[in-house]
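Single-structure report; data block below.
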Amino acid sequence: MNKSLIPIILFTIFISALSLLRFNILSDDVKYQDSDIDKKYLKVGYLPVTCHLTCPVTDFASKSSGFNTVFESQRFSDFPTVASAFQTKKIQASFMLAPLAMKMREDGVPVKICYLGHRDGSQFVISKASTAKDLSDLKGSKIAIPSFYSNQHFVLLKLLENNGLANDYLTFVPIPPPDMPTALATGAIDGFFVGEPFCAKAEMDNIGRVLYYASDIWPNFISCVLVIHEDLIQSDPQLVRDLVKGIAESGAWAELHRKEASVIAANYYKQDPKLLDYVLTNSTRRVSYVKLKPSEKELQDIADIGLQTGLLKKKMAVSEILDVSFVPEHVLPATIKPGAYCKPSN
């Protein structure tokens, strides 16, 4: 071999090796971009109530969409635990009772209400054996509520006032929603006012009956709202926009596909699909997933009741806590492939 060609050959090999190495590095880079490592994940808190159904539906849709954002629903059994997790930033987005969110804001927690979980969705249930026809027949009764800072509690206090009855006409007891039907069956309580499906469970188990639908007491009733920590809003507004859009689209889809939504929710809630199917398909008056952009007036009405009853201590301008800037102008149903909802969730 001509010695003069050796440097050229070595240089050629060097350049080829460098190119190959560079190619491999770039290939790894592309693989990383396409891998699960690159995906954004956000945990969103919820309770197994149909008021929060759009949370697991959004979880399901985001996992099957192929997008780079996955909204992981995290199930809780009671609202105090949700509030604690939010306050310590273990979660930065959650469904929560509207008055509880207002109380947290009053206490200095930087919480913002960005959307609703549902409309109506709660019923006032009493024992099947009770002969009561209205609130006035329940003097001295022990009534379970999800929290003192719940709109169920606020509404009943307002209903007592409207009927000329004192606040102590009823005894209110906070109980985790899943425990309410059992408490009613054992006689530990005389009734409860909470979100579905626990009202329907009392009916189906033949231990309770609906005395009032929430929509009868307060049309377009609000129980729970989607709350987001201000730190997340400031650090990743696009992620917040994607979440609100996902919740909105999941609600629009659930309203049109109630039976399918009950299958998805049952899987996440670990509840009987027949129970959720009963809630969602028996009557649309039980819960609605449309018109979920909250107005200042309706939230101000809730805040004012809280102030009047002494549960909230300060006059709150709702503009301090409400942020609907992330709500899409046009809401279309989420894209969920037919039959995909039958697959088990992770």
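- Between the side chain of Glu230 and the main chain of Lys112, no donor-acceptor pair closer than 3.5 Å is present.
- Put simply, the side chain of Val240 does not reach to within 4.5 Å of the side chain of Gln92, judged on heavy atoms.
- Residues Met102 and Leu299 have side chains in contact (heavy-atom distance under 4.5 Å, counting atoms from C-beta outward).
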### Task
Before giving the answer on side chain to side chain donor-acceptor pair (under 3.5 Å), spell out for Gln308 and Asp304 the whole-Å C-alpha distance, their side-chain angles and the decisive distance to 0.1 Å.
CA-CA 6 Å; Gln308 291 165 12; Asp304 289 347; 5.6 Å; no

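- Leu226 is listed as a side-chain neighbour of Val244, based on a closest heavy-atom distance under 4.5 Å.
- Side chains of Gln152 and Ser223: a donor-acceptor N/O pair is present below 3.5 angstrom, by distance only.
- Val225 is listed as a side-chain neighbour of Leu116, based on a closest heavy-atom distance under 4.5 Å.
- Looking at heavy atoms from C-beta onward, Leu211 lies in side-chain contact with Arg209 at the 4.5 angstrom threshold.
- Counting heavy atoms of neighbouring residues, nucleotides and ligands inside a 6.0 Å radius, atom NZ of Lys201 does not exceed 12 of them.
- By the neighbour-count criterion of 12 heavy atoms within 6.0 Å, atom NZ of Lys89 is densely surrounded, having more than that number from other residues, nucleotides or ligands.
- Between Ser250 and Tyr289, the closest side-chain pair of non-hydrogen atoms is not below 4.5 Å.
- By the 4.5 Å heavy-atom criterion applied to side chains, Ile207 and Lys128 are not counted as neighbours.
- When hydrophobic side chains of Ile, Leu, Val, Met, Phe, Trp and Tyr are connected at separations under 4.5 Å, Leu332 ends up as a singleton with no cluster partners.
- Aromatic ring orientation, Phe60 versus Tyr268: perpendicular (interplanar angle above 60°, classes split at 30° and 60°).
- The side-chain contact (heavy atoms from CB on, under 4.5 Å) test with Trp253 is passed by exactly one of Val331, Thr54, Thr58, Ile264: Ile264.
- Side-chain contact between Phe95 and Leu47: absent, with no pair of heavy atoms (C-beta onward) separated by less than 4.5 Å.
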